[in-house]
Amino acid sequence: MDTAFIQLKNITKTFETDKGVLNGIDLDILQKQFVTLLGPSGCGKTTTLRIIGGFETPTKGKVYMNGKDITNLPPYLRNVNTVFQKYALFPHLNVYENIAFGLKIKGVSKEEIKTRVTGMLDMINLSGREKCSINALSGGQQQRVAIARSLVTRPEVLLLDEPLGALDLKLRKGMQLELKNIQKKLGITFVYVTHDQEEALTMSDRIVVMNGGVIQQSGTPVDIYNEPVNAFVADFIGESNIMDGIMTKDFEVEIFGKKFECVDKDFGENTPVDVVIRPEDVRIVSSADAKICGVVESVIFKGVHYEMTVRADGFNWLVHSTKAAEVGTKAGLEFDPYDIQIMYKTPKSL
Amino acid sequence: MKKIAAAPYQLWMAIFVIVPLFIVAYFAFTTDSGAFTLENIIKTADYAPIFARSIGFAALATVICLIIAYPLAYIIANMSKNVQSTMIMIVMLPMWMNFLLRTYAWQTIIGNNGIINNLLSMVGIEPIKMLNTSGAVILGMVYDYIPFMILPLYTVMAKIDKSIMEAAGDLGCNGFQSILKVTIPLSMPGIISGITMVFVPAISTFIISKMLGGSSNLLIGDLIEMQFLGTSYNPNLGAGISFVLMVIILIVMAFINLIDKSDQEEKVII
Ligand SMILES: Nc1ncnc2c1ncn2[C@@H]1O[C@H](COP(=O)(O)OP(=O)(O)OP(=O)(O)O)[C@@H](O)[C@H]1O
Ligand SMILES: [Mg+2]
């Protein structure tokens, strides 16, 4: 087991008037990991990143890197580089000089700078554009210059704040793969901020889901998707059917007054819970065989699958299937015990 | 459409800028009877020491303004937004007072029987001659024109994106390096316009030297004034001196702009 490379210990951040923006963040980041901070707008992702980068000091709590307390270390003394949300390239410098900036400050020799910057330009596919003014580049190109500028000094950690936010979908997908490859190749720890759950699922070794300045869940993409700890995480990651239920006893949950077998236990008896079932885990069967019966309300073709809503017991079930049902027909719904996720009602932070 | 909208301004410029320039040039190159002559231009050579003094004083005042105004503008630009506007208002406040009055006030402060010397005599120090010295003229120039340096500097600095400064720190610049490598190059337009807005009025001023410099610190402005309003009435010579002064200012400005340009060119070459 690796020991933590970056540690956030009980970080709290309050800005003058606001109530807490971060409320007790505990986070261990391992070396060479691709960690994504994921959460809705305003949940404190950027603030967390800025605390790691040294641009904000936490109101309470400590930041450690390699076991050393760096809470009050200014950014220029940290071996951490940042790709800013709006790139923040130097407008008075051209492409080459922007990338070379950090090396020059560190006093690297001219020849070494040339080799390394040229290598970077190659990597970001901007060879031959070194003398371009920054303003003459497209958003995607500026983005790549910003990444190259941060990587060329070989930091131990790269912080990226929604770096692909301004790009169109296709370019974004391409850059996602590229970033992931760069991270693997250079073996740098990436802390990546996004509010796009799909992006988080594709790129990360580990996802940290945040809401209201609190970490909701932290784990591998598969864990987060398959085992969300609360309704917020389930709702935020992928699409879900989230409903109220009662855990009547171990291995039995009641939804809409009907009892279902499940694989969870130790919730006590008759405990109100949130029940989550992923739409791809719900099957449409003939209504005669099913405990839950409803009427198909809509069918939308989504490319690979059909997305259908089935209204039953006053609840709109979301169902993904490769076979389309017909709108207005009766349908029964079925799911397997291990596809039922049971979680405590109040959001419980880890 | 654009052309039509610009027409009144072009007319304005023609009537109030271009035409007067030609009138000055006309007087500069003619005798009082209207015949062409280079006499007025040649005669300005006699006043070379005054030209040199004016250029020297104005340059020194400009440099002092820049040295004081730059850190001040930087500090103001990094204050919180609502404090910024208050600070700028305080900077502008003296300008709401009449220029003559402001300069006159310095007479009573630094005069031989002025406030400073009174205070000094109270603690038993001999009075110091401050009024009617070249130092007093430069003090007056700095005091009167420094808002024109602070304003353009502040305007440019306030526009520099905070995240660009953070990026500099992120890439290893300490505070001093950030200012040297990022703030100064990015505030170059403000520096240029600040220099222009202080140097040009300072080199042609006559009130300040008259009120604070006594008779031994005559500037070009005083010289020109004397040709039009003073005892040695000679508008043709006055126009000649004005013309030469204008050329000098143009050359200086072109030179300053050249420094800025070469700075940018260097950037492309590296
Ligand atoms: N300098 C500041 N002063 C006051 N409040 C701030 C400051 N910076 C951030 N906040 C507040 O902190 C909260 C969290 O901000 P943060 O930028 O961390 O959110 P985020 O998760 O990055 O959101 P987004 O996805 O929109 O970028 C917001 O409510 C914001 O208004
Ligand atoms: Mg943000």
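Each chain gets a letter, A, B and so on, in the order its sequence line appears, and its residues count up from 1.
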So with a 6.0 Å cut-off around [atom1] of [X], is the heavy-atom count from everything else above 12?
{"X": "A/Lys32", "atom1": "NZ", "value": "no"}
{"X": "A/Phe90", "atom1": "CZ", "value": "yes"}
{"X": "B/Met13", "atom1": "CE", "value": "no"}
{"X": "A/Lys13", "atom1": "NZ", "value": "yes"}

request  = Ignoring hydrogens and angles, tell me if any N or O in the side chain of A/His92 forms a donor-acceptor pair with the backbone of B/Ser187 under 3.5 Å.
outcome  = no

task = Could you pull out the closest heavy-atom pair between B/Leu186 and A/Pro91, with the gap in Å?
result = CD2-CG, 3.6 Å

ask   = At their closest point, which heavy atom of B/Gly172 faces which heavy atom of A/Lys106, and how far apart are they?
value = CA-NZ, 4.4 Å

For B/Trp96, ring-ring contact (aromatic ring centres under 6.0 Å, His included) partners two or more places apart =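 Expected list: none.
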
key: For chain A, which residues of residues 64-86 of chain B have heavy atoms nearer than 4.5 angstrom   = none

message = Heavy atom to heavy atom, less than 4.5 Å: which residues from residues 112-128 of chain A reach chain B?
response = none

query = If we only count heavy atoms from C-beta on, is the B/Pro185 to A/Leu93 side-chain gap below 4.5 Å?
reply = no

ask   = Where do A/Phe84 and B/Asp161 land on the side-chain contact (heavy atoms from CB on, under 4.5 Å) test, with the steps shown first?
value = CA-CA 12 Å; A/Phe84 291 86; B/Asp161 198 336; over 6 Å; no

Heavy-atom contact with chain A under 4.5 Å, split by part of B/Lys162 = neither

ask   = Please walk me through it: do A/Phe101 and B/Val182 pass side-chain contact (heavy atoms from CB on, under 4.5 Å)?
value = CA-CA 10 Å; A/Phe101 189 89; B/Val182 180; 4.0 Å; yes

request  = Using non-hydrogen atoms and a 4.5 Å limit, figure out which bit of A/Val80 sits close to chain B: side chain, backbone, both or neither.
outcome  =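 Backbone only.
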
key: A/Leu89 versus chain B, the contacting section by heavy-atom distance below 4.5 Å   = backbone

note = Output for pair (B/Leu171 CG, A/Lys104 NZ), nearest 0.5 Å, gives 12.5 Å

Pairwise side-chain hydrogen bond (donor to acceptor under 3.5 Å, both in side chains) hits with a residue in residues 166-180 of chain B, at least two apart = A/Arg50-B/Glu166, A/Thr82-B/Asp170

